[in-house]
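Positions are given from 1 along the sequence.
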Amino acid sequence: MRQSKAKRWRIEPGDETIEQELVRDLKVYPVVAKLLVNRGITTAEAGRDFLYGNVGDLLDPYLLKGMKEAVPLIQDAIATQKRIVIYGDYDVDGITATSLMYRFLKRCGANVSYYIPERQSEGYGLNEEALEHIIQQGTELVITVDCGISSYDIVEGVRDRLNMIITDHHTAPPDIPRAAAVINHKQPDCPYPDKNLSGVGVAFKVCQAVWQERTGAEYLDDMDIVALGTVADVVPLVGENRIIVREGLKKMMTSPNMGIDALVAVAGLQGRKLTTGHIGFTLAPRLNAAGRVTHATRAVELLTAADMATANTIAEELQETNLERQTIERGIHEAARQDVINQREAAHKVIVVAGEGWHPGVIGIVASRLVEEFYRPSMVISIHDGVGKGSCRSIDNCNIYDALKSAEDLLLQFGGHKQAAGFSIEADKIPALRERLAAYCEANLTAEDYVPIIDIDSELEPGEVTVELVDQIETLEPYGMGNSTPVFAINPIAVQDVYLLGQQKNHCKIILQSQIGPLDAIIWHGADYHREVFPDERVKVAFSLQKNEWQGRISPQLMVQDLALLDEQPIKLTAEGLREMYVIVRSIFRSATAPRYIVESEVLHRHPDNQTNKEAMLSLDVFKELGILQEEATDDGMALYRWCHVKEKLELITSLTFLKYSA
């Protein structure tokens with residue numbers, strides 16, 4: 001099974017009347033007004049809050065249910081030097097929440113330490129053994145961050161011996177733990193209007209409330225740590241989250257936390273304008289690697305480092321740990337990918353792959369990669385001692401939680417939501433699970449559901465793509481869940497030239513023609529397009545926009561999400577075309593100033609009139625396969641050919657190759 005490049009374009013309809021009102025009231029470009037409407041922003045007031053909201057617009061932390069009970073407990077513990085333990089989680093949200101709360105309470109003079117469970121042996125959330133150990137150490141107050149809301153029985157078991165403050169952001173179950181205080185904006189009867197805070201966001205509100213009591217001032221320190229966890233937890237970047245991330249990114253580039261500064265350095269991002277993309281795809285994975293491969297406490301030690309030397313040392317360690325994680329992940333991904341290919345029709349509806357001893361800390365990432373490549377609901381299972389631990393990722397129209405529920409009788413346990421879930425299963429039941437899930441997908445999904453969707457915010461004319469437009473669009477940053485990077489479309493547009501980029505020549509640059517000059521379009525990991533798209537062809541392009549700065553010149557740059565040929569003609573090789581192409585290539589090498597090599601572009605500019613660019617390229621492939629030409633690469637990405645000494649018989653061309661390629 002291989003991935004199809006076909007994708008569905010879903011163009012947002014917008015609302016022209018509301019867009020015109022926003023253009024008038026907010027003084028923005030029409031395309032920006034449409035972007036706002038696409039994100040559910042339909043009034044000038046909401047638009048101003050979205051575009052220009054600042055720290056002064058952060059909500060009162062005392063609107064959170066449970067805050068009035070929590071603050072006096074924390075204040076008393078600080079004043080009387082009671083032993084406080086912060087109980088966190090091993091993902092980036094939990095790591096940053098633990099670091100934030102620890103730094104804050106230390107600043108207040110508290111007697112505080114922290115505890116994060118080990119991913120493999122303890123798993124997520126509170127556990128009885130850990131709490132017993134914490135009690136034995138003389139702890140009098142535990143503050144959970146990013147966990148605890150589902151631990152009713154565990155909290156009940158220690159509530160007569162230990163004060164607990166639960167701070168969490170996960171969906172609250174019917175039975176809320178009977179802790180001394182519970183702070184979760186999603187619990188029943190909580191009046192807090194913003195329901196999108198991450199775990200570190202809730203912890204930040206606690207810090208704000210305590211600081212107000214102690215100083216009467218707003219607590220705005222460590223916003224970079226809060227932003228890091230907020231982006232990493234993929235919560236909607238609207239409302240308070242948008243303000244937090246915007247302010248946190250500013251702090252990262254001006255006066256960052258020492259640990260974040262060291263992490264930025266080892267990641268090679270120094271001196272660059274940091275974005276949510278850098279957090280999500282570069283910084284967060286290095287912190288996450290600790291929890292996946294070793295222990296998350298090392299990441300907390302980075303964010304709470306007291307000096308730059310310590311921060312640099314830990315950042316280097318996390319860099320190495322992340323490289324180790326990547327190596328483990330690549331090995332499992334390649335094995336899983338090959339299994340998918342070998343399964344053929346068995347993986348047509350749903351992907352279920354399993355491996356003995358696969359590292360459970362990376363199987364979720366591998367599942368995501370399989371979805372990206374094959375666009376099928378994907379489940380990757382790590383088997384240890386006869387039991388499989390599975391991680392699932394899904395496609396747009398498949399509720400993976402419901403799919404697992406249809407096979408509930410085969411599973412030891414499962415949980416999750418529409419797009420991601422986890423489960424455990426006895427290893428000998430995995431084939432039955434594959435069949436059950438395939439039947440579920442057969443009954444609930446259509447062929448169209450297996451075609452990836454690209455949501456297009458707006459169609460543009462080539463002449464509209466300017467640096468000024470990019471500047472206007474950037475007012476919508478930071479991007480993330482609930483405010484995705486805007487995607488545009490141009491249809492149709494002509495191709496001027498095609499190149500390969502990168503040391504490995506694995507990226508493609510396509511120059512498009514427009515009435516205001518050429519437009520550069522970049523396709524990351526799109527080397528195949530070099531042999532599929534040619535000058536003078538017409539294409540349709542879906543893309544996001546960036547500014548490209550080169551030698552003092554700033555220009556708009558299209559980051560391609562999808563590209564398709566228009567009016568594509570079938571490729572057909574003829575004996576006559578092959579003969580003529582052979583003569584052209586041979587004549588170049590026989591010329592008076594015959595070069596040792598010829599460049600691909602030279603051949604394509606002279607190809608026979610009865611061939612298209614693609615057919616000419618395929619002719620060269622025929623000659624390579626027969627050993628007439630040998631291909632090398634140039635620095636600019638164009639292929640370089642060397643003539644090989646073989647029998648120069650046209651019969652070879654017109655029989656063997658013509659029969660093979662035109663059959």
Side-chain angles (χ1 to χ4, degrees), residues 61-74 77 84-91 93-94 97-98 101 115-117 119 122-135 139-203 205-206 209 233 235 389 392 399-402 404-405 408-409 411-424:
Y62 279 98
L63 291 174
L64 281 160
K65 181 181 178 180
M67 191 67 79
K68 290 179 181 177
E69 292 75 26
V71 171
L73 286 171
I74 296 172
I84 305 172
V85 171
I86 303 159
Y87 194 113
D89 184 32
Y90 43 69
D91 69 1
D93 192 17
T98 303
M101 188 66 75
Y115 183 88
I116 295 180
R119 178 188 288 263
E122 296 181 88
Y124 167 77
L126 296 172
N127 71 79
E128 295 174 5
E129 186 176 340
L131 285 178
E132 287 297 336
H133 176 70
I134 287 169
I135 291 170
T139 303
E140 297 182 71
L141 176 64
V142 165
I143 304 173
T144 76
V145 290
D146 193 34
C147 65
I149 197 65
S150 299
S151 301
Y152 180 91
D153 290 340
I154 294 175
V155 173
E156 198 69 14
V158 299
R159 63 188 295 260
D160 61 337
R161 295 178 290 153
L162 182 66
N163 264 342
M164 294 190 69
I165 298 173
I166 304 291
T167 80
D168 202 348
H169 75 117
H170 295 98
T171 301
D175 294 327
I176 302 296
R178 294 198 300 165
V182 176
I183 302 172
N184 183 337
H185 47 297
K186 295 176 183 174
Q187 66 179 309
D189 303 323
C190 180
Y192 202 73
D194 193 329
K195 303 298 185 182
N196 294 313
L197 292 174
S198 61
V200 70
V202 176
K205 302 308 292 188
V206 174
D233 210 52
V235 290
K389 178 181 179 182
C392 318
N399 187 318
I400 203 68
Y401 181 86
D402 288 347
L404 288 176
K405 192 165 183 60
E408 187 173 5
D409 58 302
L411 305 175
L412 297 173
Q413 61 180 20
F414 73 101
H417 51 83
K418 181 179 179 181
Q419 291 298 306
F423 64 90
S424 59

For [X] and [Y], work out which heavy atoms get closest and say how close.
{"X": "Gly88", "Y": "Pro117", "answer": "O-CD, 3.4 Å"}
{"X": "Leu404", "Y": "Ala421", "answer": "CD1-CB, 3.7 Å"}
{"X": "Pro177", "Y": "Gly148", "answer": "CG-O, 3.4 Å"}
{"X": "Ala172", "Y": "Ile176", "answer": "CB-CD1, 3.6 Å"}
{"X": "Pro188", "Y": "Lys65", "answer": "O-NZ, 3.0 Å"}
{"X": "Val145", "Y": "Ala97", "answer": "CB-CB, 3.7 Å"}

Would you compute the distance between atom [atom1] of [X] and atom [atom2] of [Y] and round it to the nearest 0.5 angstrom?
{"X": "Cys190", "Y": "His185", "atom1": "SG", "atom2": "NE2", "value": "8.0 Å"}
{"X": "Ile166", "Y": "Asn184", "atom1": "CD1", "atom2": "CG", "value": "10.0 Å"}
{"X": "Ile183", "Y": "Lys68", "atom1": "CD1", "atom2": "NZ", "value": "12.5 Å"}
{"X": "Asn196", "Y": "Asp233", "atom1": "CG", "atom2": "CG", "value": "11.5 Å"}
{"X": "Thr98", "Y": "Asp89", "atom1": "OG1", "atom2": "CG", "value": "8.0 Å"}
{"X": "Thr139", "Y": "Asn163", "atom1": "OG1", "atom2": "CG", "value": "11.5 Å"}

(request) Can you sort out the partners of His170 under ring-ring contact (aromatic ring centres under 6.0 Å, His included), two or more places apart, ordered by chain and number? (result) Tyr124

(message) Under the rule for ring-ring contact (aromatic ring centres under 6.0 Å, His included), what residues qualify as partners of Tyr401, not counting sequence neighbours?
(response) Phe414

(request) State whether the side chain of Arg161 and the backbone N or O of Ile135 hold a donor-acceptor pair below 3.5 Å, judged by distance alone. (result) no

(request) Report yes or no: does Lys186 contribute a side-chain atom to a donor-acceptor pair with the main-chain N or O of His169 at less than 3.5 Å? (result) yes

Check whether any side-chain heavy atom of [X] lies under 4.5 Å from a side-chain heavy atom of [Y], and answer yes or no.
{"X": "Ile149", "Y": "Val182", "result": "yes"}
{"X": "Met101", "Y": "Ile143", "result": "yes"}
{"X": "Ile74", "Y": "Val206", "result": "yes"}
{"X": "Tyr192", "Y": "Lys205", "result": "yes"}
{"X": "Leu141", "Y": "Ile165", "result": "yes"}

(request) May I have the step-by-step check of side-chain contact (heavy atoms from CB on, under 4.5 Å) for Tyr115 and Val142, ending in yes or no? (result) CA-CA 10 Å; Tyr115 183 88; Val142 165; over 6 Å; no

(message) Is it true that, when you exclude Glu69 itself, more than 12 heavy atoms of the residues, nucleotides or ligands shown sit nearer than 6.0 Å to its CD?
(response) yes

(message) Taking salt bridge (Lys or Arg N to Asp or Glu O under 4.0 Å) as the cut-off, I'd like each qualifying pair that reaches into residues 190-203, sequence neighbours left out, listed once.
(response) none

